[in-house]
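Heads up: the structure comes next, in structure tokens.
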Amino acid sequence: RKLVEQFIEWQALLLGPICPHWGEEVWELLAKPGLLVHAKWPDLQSPVDRDVEARGTYLYKAVRSLRADLDNPKKLFKGCPPRPAGKPS
């Protein structure tokens with residue numbers, strides 16, 4: 001949950017300069033104090049949370065694998081009997 005919330009927060013920060021009304025809406029949904037335009041960007045000098053990094057890597061690999069499976073329908077239905085050919089309409 002922490003990883004997803006942090007991801008959404010950072011996406012809102014990135015979205016702010018391009019599409020401020022959507023960024024502010026997301027910021028409000030996250031119940032963050034103040035306005036997005038006054039929010040500080042993440043501090044890149046802070047220590048890396050290895051647990052969050054590992055979870056992010058897992059999430060990245062899972063999404064990548066799912067997308068690869070969706071791009072290859074034969075793999076999705078591997079082991080399923082083929083559907084009978086119907087009459088063209």
What I'd like to find out is whether the side chain of Gln11 reaches to under 4.5 Å of the side chain of Leu15, using heavy atoms alone. no

Check for me, please, whether Leu36 and Trp22 land in the same ILVMFWY cluster - side-chain distances under 4.5 Å, paths through other members count. no

Once rounded to the nearest 0.5 Å, what's the spacing between atom SG of Cys19 and atom CD of Glu25? 11.0 Å

I need the minimum non-hydrogen distance between Lys40 and Leu13, along with the two atoms involved. O-CD1, 4.0 Å

Between the side chains of Glu53 and Arg50, is the shortest nitrogen-to-carboxylate-oxygen separation below 4.0 Å, so that they form an ion pair? yes

Minimum heavy-atom distance Val26-Ala12, with the two atoms named: CG1-CB, 3.7 Å

Interatomic distance, Thr57 atom OG1 to Lys61 atom NZ [nearest 0.5 angstrom]: 6.5 Å

Quick one: closest heavy-atom pair of Trp27 and Ala39, and the distance? CZ2-CB, 3.5 Å

Donor-acceptor pair, side chain of Glu9 and main chain of Val4, under 3.5 angstrom: no

Going only through I, L, V, M, F, W and Y residues with side-chain contacts under 4.5 Å, is there a path from Ile8 to Leu3? no

Value rounded to 0.5 Å, distance of CZ in Arg1 from CD in Gln6: 14.0 Å

Quick one: pull up CG in Leu29 and CD in Glu24 and give me the separation to the nearest 0.5 Å. 11.5 Å

Determine, for Asp71 against Arg67, whether the closest basic-nitrogen to carboxylate-oxygen distance falls under 4.0 angstrom. no

Report the distance from atom NZ of Lys2 to atom CG of Asp49, rounding to the nearest 0.5 Å. 4.5 Å

Heavy atoms of Trp41 and Leu14 approach each other most closely as CZ3-CD2, 3.4 Å

